There are 2 protein chains.
Amino acid sequence: MTLPIAHAPNVYLVDDDEAIRDSLSWLFQSCGITCQTYASAEDFLSAWNSERTGCVLLDIRMEGMSGPELFNLLRERGSTLPVIFLTGHGDVPMAVSALKKGAFDFVEKPCNDNELVDRVIEALKLDASQRAATSSADSVNARIAELTTRERQVMELVLAGKFNKVIADELQISMRTVEVHRANLFDKMGVKTAVELAQMLTGRR
Amino acid sequence: MTLPIAHAPNVYLVDDDEAIRDSLSWLFQSCGITCQTYASAEDFLSAWNSERTGCVLLDIRMEGMSGPELFNLLRERGSTLPVIFLTGHGDVPMAVSALKKGAFDFVEKPCNDNELVDRVIEALKLDASQRAATSSADSVNARIAELTTRERQVMELVLAGKFNKVIADELQISMRTVEVHRANLFDKMGVKTAVELAQMLTGRR
DNA sequence: CGACGTATTGGGGTTATCCACAATAGGGAA
DNA sequence: TTCCCTATTGTGGATAACCCCAATACGTCG
């Protein structure tokens, strides 16, 4: 078992069958994909934290916590890590339920090595793009968090397309004060115009 | 078979088994859901047009065109109609493939009536919300289409947060002309401020 | 040819925005 | 208590945006 590489894309293989762990682990390593293996859902959970990037290959039926249970737990904890289910004895409702809950794929063992690697690569790509999206969203949220209450209030009204005069009126403060808050929040948000602010915030919120 | 109701949400049931058509048709009608039945994919296709709202219940294995083939064809033709696959002899790869291609659900026959109705209701809701989203996007696109070339050019630069002076410079026209185009395009787009325009267009384009 | 739409520009005035300089006041941390 | 952050307001000027009135030029469609 390879040592985890921090912040590097990895495949986390969770399966209680040692033969599977060994053979798939070898498969991924031989493709240049770092792979960590876990013999149980509990083992994976104790090693997991939200910083881990990559994707999960998850057996359905295991001693202790099952694959779907682990999957649900990860989603409850806010993880968006792509999960590919692996199963030797899956049925249609199980597959449908997994995919509808957001699993990335559902593969029956034994499976074609090349296809599995392809699916893993797709999953790694998805994780990378999701993380890029979240991190840009996070930086925006961090900036919003730095605003004072007044600045946030002014921002809302600016985004509503209102004039400083109207904003001053609604907040019961002078126009000059609105101008100051406006300038400060533009500064903190890293924009120079209201249009940039709108583009930065439209969609979220 | 009930006559199609134009622009009303309907269930389109495509199955070559008359007994299924009759029983499910009765089920939906009794729940107040309009249902049209088709004995083949070809029958459905000849009746289908992109105006039809609702969802499709689609058998997998049929004489002639199969369910998945019809599904692919609909997607190719730009339909986003939610499709629920119905099958008596489905396997896991088939279910996985269907869902990953965007099927709404994949249900094995015989199925629980209440669950099926629930799934259909969810699908109808999805269709309605998708249509609402598309129609608002369409109206925006229609407005953009009404703009003259110059107006579109000016709009781009306004959305880039540039001053009229800079826009005039880049387009090699006078500031006054930019102001005119700007006012006209705001008018055509139905907005009063650049912020509203940005919110209307951010995300698309 | 004349009407219409589009693109262009100018004058001149009002309103809004942006900013620099300057100041008062209350709450919390050192 | 002093320092810092936040909120507040004022004066005054530079810049940008918004609008009314008015006009020229080009191409298309009856």
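Throughout, protein chains are lettered first and strands after them, A, B, ... in sequence-line order, and every chain is numbered starting at 1. These numbers were taken from a predicted model, which means no experiment stands behind them.
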**Prompt:** Is a side-chain donor or acceptor of B:Gln29 paired with a backbone partner of B:Cys35 at a separation under 3.5 angstrom?
**Reply:** yes
**Exam field: side chain A:Arg21 to backbone A:Leu13, donor-acceptor pair closer than 3.5 Å** = no
**Asked** How many angstroms lie between atom CG of A:Asn184 and atom CE of A:Met155, to the nearest 0.5 angstrom?
**Response** 13.5 Å
**Smallest separation among heavy atoms of B:Leu116 and B:Cys111, with atom names** = CD2-SG, 3.9 Å
**Asked** So where does chain B start and stop touching DNA chain D, 5' to 3', when the test is distance under 4.0 Å to a non-hydrogen atom?
**Response** D:dA16 to D:dC21
**Request:** Measure the angle between the two terminal helix axes of the helix from C:dC1-D:dG30 to C:dA30-D:dT1, five base pairs each, and quote it to 10°.
**Result:** 40°
**Prompt:** Are the side chain of A:Tyr12 and the backbone N or O of A:Thr53 linked by a donor-acceptor pair below 3.5 Å?
**Reply:** yes
**Message:** If we ignore hydrogens and angles and just use 3.5 Å, is the side chain of B:Asp127 paired with the main-chain N or O of B:Gly54 as donor and acceptor?
**Reply:** yes
**Asked** Hey, can you pull the residues of residues 165-196 of chain A with a non-hydrogen atom under 4.0 angstrom from DNA chain D?
**Response** A:Ile173, A:Ser174, A:Arg176, A:Thr177, A:Val180, A:His181
**Asked** Any salt bridge (charged side-chain N to carboxylate O under 4.0 Å, His left out) pairs touching residues 55-64 of chain B, not counting sequence neighbours?
**Response** B:Asp59-B:Lys109
**Request:** Using atom types as modelled and distance alone, determine if a side-chain donor or acceptor of A:Gln199 lies under 3.5 Å from a backbone N or O of B:Ala198.
**Result:** no
**Asked** Partners of A:Glu179 by salt bridge (Lys or Arg N to Asp or Glu O under 4.0 Å), sequence neighbours excluded?
**Response** A:Arg176
**Request:** At under 4.0 Å between heavy atoms, which parts of nucleotides 23-30 of chain C does protein reach? Answer with one letter per nucleotide, 5' to 3': B base, S sugar-phosphate only, - none.
**Result:** --------
**Prompt:** Is the side chain of A:Gln130 donor-acceptor paired with the backbone N or O of A:Thr80 at a distance under 3.5 Å, no angle test?
**Reply:** yes
**Prompt:** Salt-bridged, A:Glu146 to A:Arg143, with N to O below 4.0 Å?
**Reply:** no
**Message:** Please give me the minimum heavy-atom distance between A:Tyr38 and A:Ala47, naming the atom from each residue.
**Reply:** CE2-CB, 3.7 Å
**Request:** Please check the phosphate of C:dT17 (OP1 and OP2 only) for any side-chain N or O of A:Asn164 closer than 4.0 Å.
**Result:** yes
